[in-house]
Number of protein chains: 2
Amino acid sequence: MVQTMADRPYHHGNLRAALLGEAERTLREQGIDALSLRDLARQAGVSHAAPRRHFADRQALLDALAASGFVRLGDEVRAAIDAAGEDYQARLRAVATTYVRFATRDAALLELMFAAKNAGPGAKNAGPGAVNGEPPAALREASERLFGTVGELIRQGQRTDELPAGDPERLLLLLVATLQGIAALTTSGRVRADQTDALIADAVALFTRSQR
Amino acid sequence: MVQTMADRPYHHGNLRAALLGEAERTLREQGIDALSLRDLARQAGVSHAAPRRHFADRQALLDALAASGFVRLGDEVRAAIDAAGEDYQARLRAVATTYVRFATRDAALLELMFAAKNAGPGAKNAGPGAVNGEPPAALREASERLFGTVGELIRQGQRTDELPAGDPERLLLLLVATLQGIAALTTSGRVRADQTDALIADAVALFTRSQR
DNA sequence: ACCTGAACACCGTTCAAGT
DNA sequence: ACCTGAACACCGTTCAAGT
């Protein structure tokens, strides 16, 4: 018998998905500090130990949230590119706008997505078999898909001479860094919402105009 | 009578400074999740309730850490500018390098500095007199000093035509966003340490070359 | 195969009381 | 003016046991 992983109602119905959904909502509405496994279990109507079946620990839940965040952001970015038409600057601006809008709507989630602790060295707990340094696979994959999409747009811009030549990876990192930074400044309140669009336009102009 | 806030040894000696120092070390070595008021009190040899005299709650401690982080980063940036000599690109690169180096050495602290929660709307606790939305004064001040320093460098570059003309505030935000983004990508492991310098050089080139 | 209940070792925060 | 000790209401994590 083949096992499908969706829609197999057992005690709860679909606890994993329910926990993730509720967690994303809590994250958006109340921030990461308000996110507790026990509370999530309570809202789902299960015992506080039940989530353990689906998430090894709190960090695993956070990683799953981050991964699904990358998937969603990637989808939105691809949709924005498609909707932007042929003009290259418009496409670039669409990506930037989508990115920053995501950041303002789901600030805590984006923070989670870019926290992605490498399980830093020097963990102090002397527990047995401390599994350190593992890169969560699903997260990495979802993140790379998004970077791939934007990377493709970069390469397109270089082909048509809208962007400066050079290592596309470096240009990609620089662009993502800029978007990430604008997002961080916006959500930390250092950039007002009504300044964001101007900042995005400046950034896009900087990348494209540096060509002339 | 004027009150000085430093060096007045009481029971502990100088609990506030001791707590901050230990907190900064813990933050750097073990991350924010390992930072607990009770643990700090233990290391300082006082009861778990003693910190309450100096920090209203955990967030107040974090705000103080963030403020002192801005002071230190500001000092380092000013020193780097002074040491960089006359060449404008070199000065800009010095600022960027200092910024990103700070970010890699004190990743958790920088995150704290740019978290600066605005005490988001919709707090759920029904406590009396919920003091929301207050911007921590010392933090804001220290942050603005740093921005002022970099802003001055921007204006200098515009005067000498090394940077594009236009609203210096916007250019400042864009530059800080870029640095902040490079730092975020570096500490999240998406940029390897040996790529950072190239990325900084690219960024500086983008800002200065866009002039030609 | 999935979930419960009790238990353990932690938290932050509060508050009367001490010196 | 600064700190203690007990108390309260939470956590995450573990593990035997249930269905």
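Since we're looking at a predicted model, the values are computed, not measured. The chains referred to below are lettered A, B, ... by the order of the sequence lines, with proteins before strands, and numbering in each begins at 1.
Rounded to an integer number of Å, the gap from R53(A) CZ to dG5(C) P is 16 Å. One atom, CG of L19(A), and another, C1' of dC2(C), lie 13 Å apart when rounded to the nearest Å. One can place CG of L40(B) at 11 Å from P of dC11(C), the figure rounded to the nearest angstrom.
For residues 41-60 of chain A, every residue pair satisfying the salt bridge (Lys or Arg N to Asp or Glu O under 4.0 Å) rule, not counting sequence neighbours, is listed here: D39(A)-R42(A). For the ring pair (Phe, Tyr, Trp, His ring centres under 6.0 Å) condition, no pair includes a residue of residues 172-206 of chain A, sequence neighbours left out. Among residue pairs with one or both ends in residues 149-158 of chain B, those qualifying as salt bridge (Lys or Arg N to Asp or Glu O under 4.0 Å) are E152(B)-R155(B), E152(B)-R159(B); sequence neighbours excluded. Sorted by first then second residue, the ring pair (Phe, Tyr, Trp, His ring centres under 6.0 Å) pairs that include residues 56-75 of chain B, not counting sequence neighbours, are F70(B)-F114(B).
Partners of D82(A) according to the salt bridge (charged side-chain N to carboxylate O under 4.0 Å, His left out) rule, which considers only residues two or more places apart in sequence or in another chain, do not exist here. Applying the salt bridge (charged side-chain N to carboxylate O under 4.0 Å, His left out) test to R91(A) and every residue at least two apart in sequence or in another chain returns nothing.
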Would you list the protein and nucleotides 12-15 of chain C atom pairs, both N or O, that sit under 3.5 Å from each other?
from    : atom 1 : to     : atom 2 : distance (Å)
dG12(C) : OP1    : L37(B) : N      : 3.0
dG12(C) : OP2    : L37(B) : N      : 3.4
dG12(C) : OP2    : R38(B) : N      : 3.1
dG12(C) : N7     : R38(B) : NH1    : 2.5
dG12(C) : O6     : R38(B) : NH1    : 2.8
dT13(C) : OP2    : R58(B) : N      : 3.0
dT13(C) : O4     : R38(B) : NH1    : 3.1
dT13(C) : O4     : H48(B) : NE2    : 3.4
dT14(C) : OP2    : R52(B) : NH2    : 3.0

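Residue H54(B) has no polar side-chain atom (N or O) positioned under 4.0 Å from OP1 or OP2 of dC2(D). Between R42(B) and dC11(C), a side-chain N or O to OP1/OP2 separation shorter than 4.0 Å is present.
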Please list, one pair per line, the donor and acceptor atoms closer than 3.5 Å that link side chains of residues 166-184 of chain A to other protein atoms, with sequence neighbours excluded.
from    : atom 1 : to      : atom 2 : distance (Å)
D167(A) : OD1    : E169(A) : N      : 2.9
R170(A) : NE     : D202(B) : OD2    : 2.8
R170(A) : NH2    : D202(B) : OD1    : 2.7
R170(A) : NH2    : D202(B) : OD2    : 3.4
T178(A) : OG1    : L174(A) : O      : 2.8
Q180(A) : OE1    : Y99(A)  : OH     : 2.8

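For the pair L20(A) and F55(A), the minimum side-chain heavy-atom distance is below 4.5 Å.
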Note, DNA chain D 5' to 3' with Watson-Crick or G-U pairs under 3.5 Å encoded as ( ), [ ], | and . gives ||.|||||...|||||.||
